[in-house]
Amino acid sequence: MTHAMLKGSNVPLEAGTVRAVLRWAPGQGVPDVDASALLLGPDGRVRSDEDFVFYNQPRHPSGKVWRLGKKRVAEGLTDTIQSDLPGVEPDVGRILLVASADGITFDRVPALCILLYDAAVADAEPLARFEIKPETGAETALICGELYRRGEGWKFRALGEGYSNGLKGLATDFGISVDESEVEEPSSSQPLPPEQPTSAVPQQPPAYGYPQPTSAPPAYGYPQPVPVAVAAGPVDPNFRLPPQGPQFIGR
């Protein structure tokens, strides 16, 4: 059964590997939307720049959180983040699931929602669904929800917290330094791949609120990333996003 989520509500997760699918309806004047993830340590901030998973850095060094990329489906367009929750490093308490829109406001993005799936089950209905309604419409980045530890397990909380200064403002609030002069708007001209047929596959708690502005091959035909062992280090004060990164808008 799919849990229909309200803002601020939460649901326990029994699935080990979950797929968070950001979905919206395309159309004339609708901006391109990108999904990202931030892995937060005990202090509620990233431990290093490597804790920012986005399309220019699509896989976390641990190999446990990665971006699957965009697809065209019957209901619209999707961008997806997948997480192997049992393998996430113990000092990561939360994984933020983020949407950004190339500096264009989310009042121009219709039918925006996030759906959570058990990645080990093909053709399953969503575990949870959250229809995201921006509070002002002027947001250019949104924290759609979070995966967070509760005891020995994980839960999902629906959020919909917005930033009017884009992914730059959001990332800065959680410990990432961004140099606007080195960032260019990504190209959205590349065609989306068609939806692939699916096949069966074998098989503390943080306070609510934010600063204001392996396994078997996965289901659905997505590729399984190869874990890469990279030692995590302290936050690099000189970290800069690559030149192909998202368009960031100042406050």
Side-chain angles (χ1 to χ4, degrees), residues 20-39 46 49 51-60 65-73 75-82 95-115 130-146 159-193 195 210-213 239-251:
V21 178
L22 187 68
R23 193 177 75 196
W24 67 97
Q28 185 174 6
V30 177
D32 193 28
V33 178
D34 293 298
S36 314
L38 283 85
L39 286 70
V46 297
D49 58 275
D51 284 340
F52 185 23
V53 176
F54 67 117
Y55 58 82
N56 275 341
Q57 187 167 270
R59 185 175 62 244
H60 191 264
V65 180
W66 63 98
R67 182 177 179 271
L68 292 175
K70 296 181 182 179
K71 285 194 173 185
R72 189 179 299 275
V73 297
E75 299 85 354
L77 300 177
T78 67
D79 200 2
T80 301
I81 299 287
Q82 187 158 305
I95 302 171
L96 302 188
L97 303 171
V98 172
S100 58
D102 294 343
I104 302 174
T105 55
F106 270 96
D107 59 355
R108 294 172 57 182
V109 182
L112 183 66
C113 67
I114 187 168
L115 305 107
F130 176 41
E131 303 286 345
I132 304 168
K133 306 294 184 185
E135 291 184 351
T136 69
E139 297 88 347
T140 51
L142 291 165
I143 302 174
C144 302
E146 68 172 355
L159 291 173
E161 298 287 345
Y163 283 70
S164 61
N165 53 353
L167 194 57
K168 173 186 179 293
L170 190 157
T172 299
D173 275 348
F174 290 97
I176 294 175
S177 298
V178 178
D179 185 346
E180 290 181 87
S181 66
E182 296 185 5
V183 177
E184 297 178 0
E185 185 172 359
S187 170
S188 58
S189 60
Q190 294 183 352
L192 292 167
E195 180 74 349
Y210 294 91
Q212 298 301 312
F239 169 65
R240 301 291 183 265
L241 289 178
Q244 296 80 17
Q247 175 72 19
F248 294 139
I249 302 298
R251 293 185 184 270

Please step through side-chain contact (heavy atoms from CB on, under 4.5 Å) for the pair Lys70 and Val33, ending with a clear verdict. CA-CA 9 Å; Lys70 296 181 182 179; Val33 178; 5.9 Å; no
Answer whether the closest heavy-atom distance between the side chains of [X] and [Y] falls below 4.5 Å.
X: Leu38; Y: Leu170; result: yes
X: Tyr163; Y: Thr172; result: no
X: Leu22; Y: Ile132; result: yes
X: Leu112; Y: Leu142; result: yes

Could you list the residues that satisfy side chain to side chain contact (heavy atoms under 4.5 Å, CB included) with Ala25, not counting sequence neighbours?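 For Ala25 the side chain to side chain contact (heavy atoms under 4.5 Å, CB included) partners, ignoring immediate neighbours, are Pro110, Ala111.
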Going by side chain to side chain contact (heavy atoms under 4.5 Å, CB included), name the residues that satisfy it together with Pro31, two or more places apart in sequence or in a different chain.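 Partners of Pro31 by the side chain to side chain contact (heavy atoms under 4.5 Å, CB included) criterion, ordered by chain and then number, come out as Ala101, Ile104, Arg108, Val109.
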Residues that Arg67 engages under side-chain hydrogen bond (donor to acceptor under 3.5 Å, both in side chains), provided they are two or more places apart: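 Asp79.
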Any residue meeting side-chain hydrogen bond (donor to acceptor under 3.5 Å, both in side chains) with Glu75, in chain and number order, not counting sequence neighbours: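 Residues passing side-chain hydrogen bond (donor to acceptor under 3.5 Å, both in side chains) with Glu75: none at all.
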[X] versus [Y], closest heavy-atom pair with distance:
X: Thr140; Y: Gly166; answer: OG1-N, 2.8 Å
X: Val53; Y: Arg59; answer: CG1-N, 4.3 Å
X: Cys144; Y: Ile114; answer: CB-CD1, 4.0 Å
X: Trp24; Y: Asp32; answer: CZ2-OD1, 4.2 Å

N/O donor-acceptor pair under 3.5 Å between Ser36 side chain and Phe54 backbone: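 It does not hold such a pair.
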Determine yes or no for a side-chain-to-main-chain donor-acceptor pair under 3.5 angstrom, with Glu135 supplying the side chain and Gly162 the backbone.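 Absent.
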From [X] [atom1] over to [Y] [atom2], what is the distance, rounded to the nearest 0.5 angstrom?
X: Asn165; Y: Asp173; atom1: CG; atom2: CG; result: 7.0 Å
X: Cys113; Y: Lys133; atom1: SG; atom2: NZ; result: 9.5 Å
X: Lys71; Y: Leu77; atom1: NZ; atom2: CG; result: 13.0 Å

Test side-chain contact (heavy atoms from CB on, under 4.5 Å) on Phe106 and Thr136 and set out the steps. CA-CA 9 Å; Phe106 270 96; Thr136 69; over 6 Å; no
Please test Phe130 against Leu97 for side-chain contact (heavy atoms from CB on, under 4.5 Å), starting from the C-alpha separation and ending with a verdict. CA-CA 12 Å; Phe130 176 41; Leu97 303 171; over 6 Å; no
Among Thr80, Leu68, Val73, whose side-chain contact (heavy atoms from CB on, under 4.5 Å) with Val21 holds?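 Exactly one candidate clears the test, Thr80.
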